[in-house]
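Taking it in order: structure first as structure tokens, then the write-up.
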Amino acid sequence: MTTPLRHLPTDSTRTASGGPVGNGLFTYSQQVESWVIRATKPVSYEIRITDDLFNPKRRDLLEAGERTTGPLRRFLVVDAKVNALHGNRIRAYFDHHEVDYHLHSVPAEETVKEFQTAAHIVREIDEFGIDRRNEPVIVIGGGVLMDIVGLVTSLYRRGTPFIRVPTTLIGLVDAGVGVKTGINFNGHKNRLGTYFPAELTLLDRSFLSTLEHRHISNGLAEILKIALIKDAALFTLLERHGDLLLEEKCQGLSSTGELAATEVLRRAIHGMLEELQPNLWEAKLERVVDYGHTFSPTVEMRALPSLLHGEAVCVDMALTTVLAARRGLVTRADRDRILALMSALGLPCWDPLLATPVLGEALRDAVRHRDGQQRLPLPVGIGDAIFVNDVEEEELEASVKELAELALVGGKR
Ligand SMILES: NC(=O)c1ccc[n+]([C@@H]2O[C@H](COP(=O)([O-])OP(=O)(O)OC[C@H]3O[C@@H](n4cnc5c(N)ncnc54)[C@H](O)[C@@H]3O)[C@@H](O)[C@H]2O)c1
Ligand SMILES: O=C(CO)[C@@H](O)[C@H](O)[C@H](O)[C@H](O)COP(=O)(O)O
Ligand SMILES: [Co+2]
């Protein structure tokens, strides 16, 4: 027996047809005793290019978050290497502005992108205590730390605002521009994560001056991904100036280097956002920005710590470039240009794990991740892509064999 609910519409307010009633945002039906609730949540976040971010005259970092009375309070999570190299000016900035802050330094790299690190940060935040809406957590570091802190803030009190200051090239062009957060779990890449935008991301490329060259190459791999799937002009820029960008660490030490760094970073970020914005929650699982991310998550985790994220992505792109060439989607000449550019950018085209059953496992996991289909992005020429669902293990093996020969001949391993 059901008891009538006092505050809900009675039968007298039902539609003439006896159908459900409601205000359009929710409906109640007595026929099946059910409420269907609909709501939408607007999303807006900003990515701003700045320079000299910690110059005391700049206010970008202070203006984010609602203003309350009394001193500003901020919890800072800073990559340990960044803290060692840039910590003095970071602290001087917040001291100058009389911010009541706690700086929590985290030694971040792929092997610590895990639960324990996230839990430790939560504990520290809890101890410092932050207001739920107007004291954004500030993360200053690479993709690993931004992904962890993004996850932590999305969980803390079911969502606390955060601000990102990326300090690596991957951070500037990729991890710092989207809404995905995550940690590795159970040997799987980004197995736990959320979609949670940082309200503000401040891009200051001067941080790259202290980054190792290998990590510049690592970021160039994600830029190359954007070039291959959607921006032929970006590919040409990388061919012309990639070595200079690497040598100068995108610091614009020469006038050509400055023009190239500005244009390449702007194109890479803009191209990424053109793909992300219409599909922020990944309702559509055919994503061209997944190019290079089909085999690489498994390869990267198995190779840990020997392959960096961008390096694993590059190995995946080399393999799928060869596969695309075998299908006639990419000419042999373009295939060779792509492999040559990877080498010029200081990136690997090959990893011994390719010649093992790991690839089959990786493809099966990608199919689960993509809701039962391969949805494998493949390049079409340079600057375009399609999705395929029919890659068989034999085709993969033949592509691996061909890549091994090409990589050996070209000395690109
Ligand atoms: N959320 C996303 O959409 C997204 C997108 C791309 C990549 N990612 C993730 O990003 C991670 C890779 O990011 P990453 O390459 O920045 O790695 P990272 O965060 O491990 O940083 C690389 C290394 O550089 C050091 N470092 C950082 N900034 C420095 C600086 N300015 N000077 C000197 N050393 C510095 C770090 O301590 C670390 O040792 C991967 O886990 C990947 O999955 C996420
Ligand atoms: O590496 C990343 C994110 O970690 C980006 O470069 C990339 O565009 C995509 O987000 C990847 O395809 C990863 O997606 P997912 O496997 O974590 O769902
Ligand atoms: Co990536």
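Both counts, for ligands and for their atoms, begin at 1 and track the order of listing. Along the sequence shown, the residues carry numbers beginning at 1. Owing to the predicted nature of the structure, the values given are computational and were not obtained by experimental measurement.
- Going from atom CG of Leu253 over to atom OG of Ser209 covers 9.0 Å, rounded to the nearest 0.5 Å.
- Under the 4.0 angstrom criterion for non-hydrogen atoms, Ala108 is in contact with ligand 1.
- Using a cut-off of 4.0 Å between Lys/Arg side-chain N and Asp/Glu carboxylate O, Glu395 and Arg326 are scored as not salt-bridged.
- Close contacts between ligand 1 and Leu85 involve ligand atoms 32 (N), 33 (C) [criterion: under 4.0 Å to a heavy atom].
- By heavy-atom distance, the residue among Glu110, Glu212, Lys81 lying nearest atom 41 (O) of ligand 1 is Glu110.
- Listed by atom number, the atoms of ligand 1 under 4.0 Å from His215 heavy atoms are 22 (C), 23 (C).
- Summarising the local packing, CZ of Arg214 is surrounded by more than 12 heavy atoms from other residues, nucleotides or ligands at distances under 6.0 Å.
- Ligand 2 places these atoms under 4.0 Å from at least one heavy atom of His369: 15 (P), 16 (O), 18 (O).
- From the protein, the heavy atom lying nearest to atom 7 (C) of ligand 1 is Ile170 CG2, 3.6 Å.
- Atom 3 (C) of ligand 2 is never approached by the protein to below 4.0 angstrom, counting heavy atoms only.
- Close approach of ligand 1 to Thr168 (heavy-atom distance below 4.0 Å) involves ligand atoms 14 (P), 16 (O), 21 (O), 27 (C), 28 (N).
- Summary of contacts: the protein heavy atom closest to atom 14 (O) of ligand 2 is Lys180 NZ, 2.8 Å.
- Looking at Leu145 next to ligand 1, no N or O pair under 3.5 Å apart turns up.
- Closest to atom 2 (C) of ligand 1, if we only count protein heavy atoms, is Ala175 CA, 3.7 Å.
- Residue Asn218 has at least one N or O atom closer than 3.5 Å to an N or O atom of ligand 1.
- Electrostatic pairing of Lys284 and Glu275 does not count as a salt bridge here, judged by no charged N lying under 4.0 Å from a carboxylate O.
- Distance check: Asp365 CG to Thr298 OG1 gives 5.0 Å after rounding to the nearest 0.5 Å.
- Atom NE2 of His188 sits in a crowded spot, with more than 12 heavy atoms from other residues, nucleotides or ligands closer than 6.0 Å.
- Not a single heavy atom of Gly178 sits under 4.0 Å from any atom of ligand 1.
- Below 4.0 Å from some heavy atom of Asp79 lie the following atoms of ligand 1, by number and element: 36 (C), 37 (O).
- For atom 8 (O) of ligand 2, the nearest protein heavy atom (residue, atom name, distance) is Lys225 NZ, 2.9 Å.
- For the pair Phe207 and ligand 1, the shortest N or O to N or O distance falls below 3.5 Å.
- From the protein, the heavy atom lying nearest to atom 12 (O) of ligand 2 is Asp290 OD1, 2.2 Å.
- Judged purely by distance below 3.5 Å, without hydrogens or angles, the side chains of Tyr291 and Asp316 never pair a donor atom with an acceptor atom.
- The residue among Leu172, Ile148, Asp147 with a heavy atom at the shortest distance from atom 44 (C) of ligand 1 is Asp147.
- Using a 4.0 Å cut-off between charged side-chain N and carboxylate O, Asp290 and Arg370 make a salt bridge.
- Listed by number with element, the atoms of ligand 2 under 4.0 angstrom from any heavy atom of Arg287 are 9 (C), 10 (O), 12 (O).
- Of all the atoms in ligand 1, the ones that sit under 4.0 Å from a non-hydrogen atom of Glu109 are 20 (O).
- Regarding atom 14 (P) of ligand 1, its nearest protein heavy-atom neighbour is Gly143 N, 3.6 Å.
- Taking a cut-off of under 4.0 Å to the non-hydrogen atoms of Glu222, the atoms of ligand 2 that pass are 1 (O), 6 (O).
- Atoms of ligand 1 found under 4.0 Å from any heavy atom of Lys113, numbered from 1 in the order shown, are 9 (C), 40 (C), 41 (O), 42 (C), 43 (O).
- A donor-acceptor pair under 3.5 Å is formed between the side chain of His213 and the backbone N or O of Leu246.
- The nearest protein atom to atom 6 (C) of ligand 1, hydrogens excluded, is given as Asp174 CG, 3.3 Å; this is a heavy-atom distance.
- Below 4.0 Å from some heavy atom of Asn190 lie the following atoms of ligand 2, by number and element: 4 (O), 17 (O).
- Checked for salt-bridge contact, Arg364 and Glu393 meet the test: a charged N lies under 4.0 Å from a carboxylate O.
- The proximity of Met146 to ligand 1, defined as any non-hydrogen pair under 4.0 Å, does not occur for either the backbone or the side chain.
- A 6.0 Å sphere centred on CZ of Arg158 holds no more than 12 heavy atoms belonging to other residues, nucleotides or ligands.
- Between Arg58 and Asp60 there is a salt bridge, since at least one side-chain N of the basic residue sits less than 4.0 Å from a carboxylate O of the acidic one.
- If you take CD on Glu239 and CG on Leu341, they are separated by 5.5 Å, rounding to the nearest 0.5 Å.
- Remark: at the Co ion (ligand 3), atom OE2 from Glu222 and atom NE2 from His293 enclose 110°, rounded to the nearest 10 degrees.
- Taking the six-membered ring where tryptophan is involved, the planes of His293 and His309 are tilted, since the angle between them lies from 30° to 60°.
- Nearest-residue assignment for atom 35 (C) of ligand 1 (options Leu211, Leu169, Val177, Ile183; heavy-atom criterion): Leu211.
- Residue Arg89 qualifies as enclosed at atom CZ: its count of foreign heavy atoms under 6.0 Å is above 12.
- Within a 6.0 Å radius of CD in Glu258, more than 12 heavy atoms belonging to other residues, nucleotides or ligands are found.
- At a heavy-atom cutoff of 4.0 Å, ligand 1 is contacted by both the backbone and the side chain of Thr210.
- Applying the 4.0 Å criterion to heavy atoms of Asp174 picks out, from ligand 2, the atoms 5 (C), 6 (O).
- An N or O contact shorter than 3.5 Å links Thr167 to ligand 1 by distance.
- Thr181 and Thr194 share a donor-acceptor pair across their side chains, judged by distance under 3.5 Å alone.
- With respect to Asp390 and Arg327, a salt bridge is recorded, a charged nitrogen being found less than 4.0 Å from a carboxylate O.
- Here's the thing with Thr181: none of its N/O atoms is less than 3.5 angstrom from an N/O atom of ligand 1.
- Every atom of ligand 1 with a heavy atom of Lys189 under 4.0 Å away is listed here by number and element: 40 (C), 41 (O), 42 (C), 43 (O).
- Just one residue in the list Thr167, Leu202, Asp204, Leu61 forms a side-chain contact (heavy atoms from CB on, under 4.5 Å) with Ile140, and that residue is Thr167.
- The Met272 neighbourhood of ligand 2 comprises atoms 8 (O), with distances under 4.0 Å to a heavy atom of that residue.
- Taking the charged nitrogens against the carboxylate oxygens, Arg123 and Asp126 have no contact shorter than 4.0 Å, which rules out a salt bridge.
- Taking distance alone, with nitrogen or oxygen atoms compared against 3.5 Å, Val144 approaches ligand 1 more closely than that limit.
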